[in-house]
Protein chains: 4
Amino acid sequence: MLSARQQQILEASIELIDKHGIQGFTIKNLSKKIQISEPGIYRHFESKFDILDTIMDIFKQRIQDYHKFLNDPNNKPEVRIRNFFDTVLKAFCKNPAFASVIFSEEIFQNEEKIIQKIREIQEMNAGIMRELILEIQAGNGQHNNIDPDLINSVLFGSVRFLVRQWKANKYDFDLRAKGNELIGVITNTMIIRPANQ
Amino acid sequence: MLSARQQQILEASIELIDKHGIQGFTIKNLSKKIQISEPGIYRHFESKFDILDTIMDIFKQRIQDYHKFLNDPNNKPEVRIRNFFDTVLKAFCKNPAFASVIFSEEIFQNEEKIIQKIREIQEMNAGIMRELILEIQAGNGQHNNIDPDLINSVLFGSVRFLVRQWKANKYDFDLRAKGNELIGVITNTMIIRPANQ
Amino acid sequence: MLSARQQQILEASIELIDKHGIQGFTIKNLSKKIQISEPGIYRHFESKFDILDTIMDIFKQRIQDYHKFLNDPNNKPEVRIRNFFDTVLKAFCKNPAFASVIFSEEIFQNEEKIIQKIREIQEMNAGIMRELILEIQAGNGQHNNIDPDLINSVLFGSVRFLVRQWKANKYDFDLRAKGNELIGVITNTMIIRPANQ
Amino acid sequence: MLSARQQQILEASIELIDKHGIQGFTIKNLSKKIQISEPGIYRHFESKFDILDTIMDIFKQRIQDYHKFLNDPNNKPEVRIRNFFDTVLKAFCKNPAFASVIFSEEIFQNEEKIIQKIREIQEMNAGIMRELILEIQAGNGQHNNIDPDLINSVLFGSVRFLVRQWKANKYDFDLRAKGNELIGVITNTMIIRPANQ
DNA sequence: AATGAATGAGACTTCATTCAT
DNA sequence: TATGAATGAAGTCTCATTCAT
């Protein structure tokens, strides 16, 4: 569906955003990076916006695939939560630029349609997590359960924070290990065995 | 130290970044907002970068003041943690634009010096929190204490996440209340009474 | 002489100019309209200019044909004038895009060769009209005859004006009827029975 | 109201359109013509469209002034008609570029707002002429009066045609003399003493 | 006969900044 | 303290056309 050139353009765009922010993502920089003239880009994408839009579509699709793939009813919900985050962390380790783009709605000011797509991804994630959290809470019969939305803020907020640190520190620690530890602690303390509030 | 005009320029800059992102922070927009000519700006700041730089200095100073002010040895460490976050949340509620700027290092790609300042603020915060966490952990004599850095990621990451949600939802919930609840839950479950890992 | 594709290209070009002006007549628009690739156009015409040039040739030929066909010596000159304009008006009604292109030398600035062809058409028309006018004037023996060139300006200028109005008003009146009335009035008042000047 | 620079830009724009058509009216050409950088233009006009728009406003104002000035009730309507056209023809002779721009709605395809303004000017002209024609027709008590709209088409259409010829022939005849003759003939034959139809 | 890929030239416009006043 | 005028660099994008296939 996407030509080799189109994929190359998308990859180069992601890298550009990763390394130099949205302000570094210019048609000029992009064309230089893939050794093509500026108008050449427009043979493959209608506009700069179209490139961004396609990137977001791909991300959304990929994360949907993760959910589908990991949604094995034979697994306990806490395992599913861990698997999801592990998969995502693995993906970030493999291609750190993804993280920069997907966690960067601040970057896409003025691009309402792009922000919308990022929001959709987040809501999809949050919705699935909420189900799993409720399932665990229903199962463990405790009376001091914590609001799943609050837990969601903690889960996604702290992973995000960790990834940002990872990038700021030039990837000098093992994101996957630290991330999984983080998720494990949160799951244990806030979902499975929450302290009395 | 700062003239009235300078303060006006800084405020207008923060609002501009808040509302339209770094891309909306242009000398033209700024001069329009404060009803001055474009060259007029340069009477008060050497460059656009200088404005950003000064903003960061002010933020850093303000947060240092918070810490100094709240660091009352008569208060228990958990109270001090709560007080700090409550103060910050209160400040955000009073002036939501602050939040947009201080949580936006993604925005300042290419501006190494600005990023450096943001990092200093974060490290100051993290350092003080670490002390307080260790103090609590030392006091409650448990053996299953959680790494203070991990807790820091959770504290700052989730507050940040909440603030972002608050802004995305057009400030339609009580940030201070939800934020304090969040900090309370994290403090309880992860610092004071951590579950067995 | 012209292949089917060539004719298709010419028609599409005329329509494009009619609807969107010379600025809308681009190879991209043209290729989109006839469902062919952009380079595909160049299989059939050497250049964009060549397309325009061919259009003008066709127009010139067609009008020459009209004159030849209508130049029946059995008809009185005033009838021949009326027949010519009626034929032209009929052609415009059948294909309004013709009018846009043939009356648009303003559009072809910089294209000296094209302008030249339009001028040739006009001179041919004017020359034939002049003959017919002189014939009438010679026949009616009046002493207050009007300069045939002036009459030509009136004939062609007002028809042109009417066609422009017709287009501006989205073809909402009967061009042929109004045009014939116009020509009738002009012929009557200025050629056949001119008032004393 | 308009600065010297703005007037210079407007004049240069009109000349550019006159000599090279709308396609020659580019910011680059304009800036070259008045010896300024391209961005320099934008200190004086918001956009290219804004320049065109201002030109049309000026034209409209000027023609309104003509009408006001010439509308002397002491003059007979046929004199007023002649005066109006004489004034316009004089203006064209003084600044031939005006004519190119004002008679060029074909040129402004896609610029709906500009076309609208040209149309307003034309309607204003037509409306005033219609009144004067009716006044004459009412006065001369004839029964074979010609539709004033038809006469309008003849008046404006033939003047326009004459001006176009004048330009095509590089201003090699006396437009004012020929134009006044034309108007005189039309007024005589079609308004004052129309032949029986 | 047709096309996918490419491009140099150039379109309009915005940017941060400077200079003379 | 302020500004009107200016600009080089860069932004996104369109143009007619060419070339290899």
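Because the structure is a prediction, the values reported are computed rather than measured. Residue numbers start from 1 in every chain, and the chains themselves are labelled A, B, ... in the order their sequence lines are given, proteins ahead of strands.
Judged by distance alone, the side chain of D/Lys167 and the main-chain N or O of D/Pro96 form no donor-acceptor pair under 3.5 Å.
How far CE of B/Met1 is from OG1 of B/Thr54: 9.0 Å, rounded to the nearest 0.5 Å.
Nearer to the 5' terminus of DNA chain F, by closest-nucleotide assignment, is the contact made by D/Gly40 (compared with the other of C/Lys48 and D/Gly40). The 5' end of DNA chain F is approached more closely, in terms of each residue's nearest nucleotide, by D/Gln35 than by the other of A/Phe49 and D/Gln35. Looking at which nucleotide of DNA chain E each of D/Asn29 and B/Thr26 is closest to, the 5′-most match is held by D/Asn29.
If you check every strand for non-hydrogen atoms under 4.0 Å, A/Ser37 touches a base. Across all strands, D/Phe25 comes closer than 4.0 Å only to sugar-phosphate atoms, never to a base (heavy-atom distances). As judged by a 4.0 angstrom heavy-atom cut-off over every strand, D/Ser3 is placed among residues making no nucleic acid contact. Here C/Ile27 lies in heavy-atom contact (under 4.0 Å) with a base.
Going from atom CD1 of A/Ile41 over to atom P of F/dC15 covers 18 Å, rounded to whole Å. Atom C1' of nucleotide F/dT12 and atom NZ of A/Lys32 are separated by 15 Å, given to the nearest angstrom. Atom CD1 of C/Ile22 and atom P of F/dA16 are 10 Å apart (whole Å). One atom, CD1 of D/Ile36, and another, P of F/dG4, lie 15 Å apart when rounded to the nearest Å. The distance between atom CD of C/Glu38 and atom P of E/dA2, rounded to the nearest whole Å, is 15 Å. Here the C1' atom of nucleotide F/dT1 and the CZ atom of B/Arg43 are 7 Å apart, to the nearest Å. One atom, CG of A/Leu30, and another, C1' of E/dT7, lie 16 Å apart when rounded to the nearest Å. At whole-Å resolution of the value, CZ in D/Phe45 and C1' in E/dT14 are 19 Å apart.
Across all non-hydrogen atoms, the minimal contact from C/Ser13 to C/Ile55 is CB-CD1, 3.9 Å.
In this structure, C/Glu38 pairs ionically with A/Arg43, as a charged nitrogen and a carboxylate oxygen lie closer than 4.0 Å.
Residue D/Tyr42 places its side chain closer to E/dC12 than to any other of E/dC12, F/dT12, F/dC19.
Checked by atom type, the side-chain pair A/Arg5/A/Gln8 shows a donor-acceptor distance below 3.5 Å. No side-chain donor-acceptor contact under 3.5 Å links B/Asp57 and B/Gln61.
Taking side-chain N and O atoms only, A/Arg5 has a distance below 4.0 Å to OP1 or OP2 of E/dA6. Side-chain nitrogen and oxygen atoms of D/Lys28 include at least one within less than 4.0 Å of the OP1 or OP2 phosphate oxygen of E/dA11. Here B/His44 reaches the OP1 or OP2 of F/dA2: one of its side-chain N or O atoms lies under 4.0 Å away.
Both distances falling under 3.5 Å, in either a Watson-Crick or a G-U wobble arrangement, place E/dC15 opposite F/dG8. In this structure, F/dT21 and E/dA2 make a Watson-Crick or G-U wobble pair, each of the two defining distances being under 3.5 angstrom.
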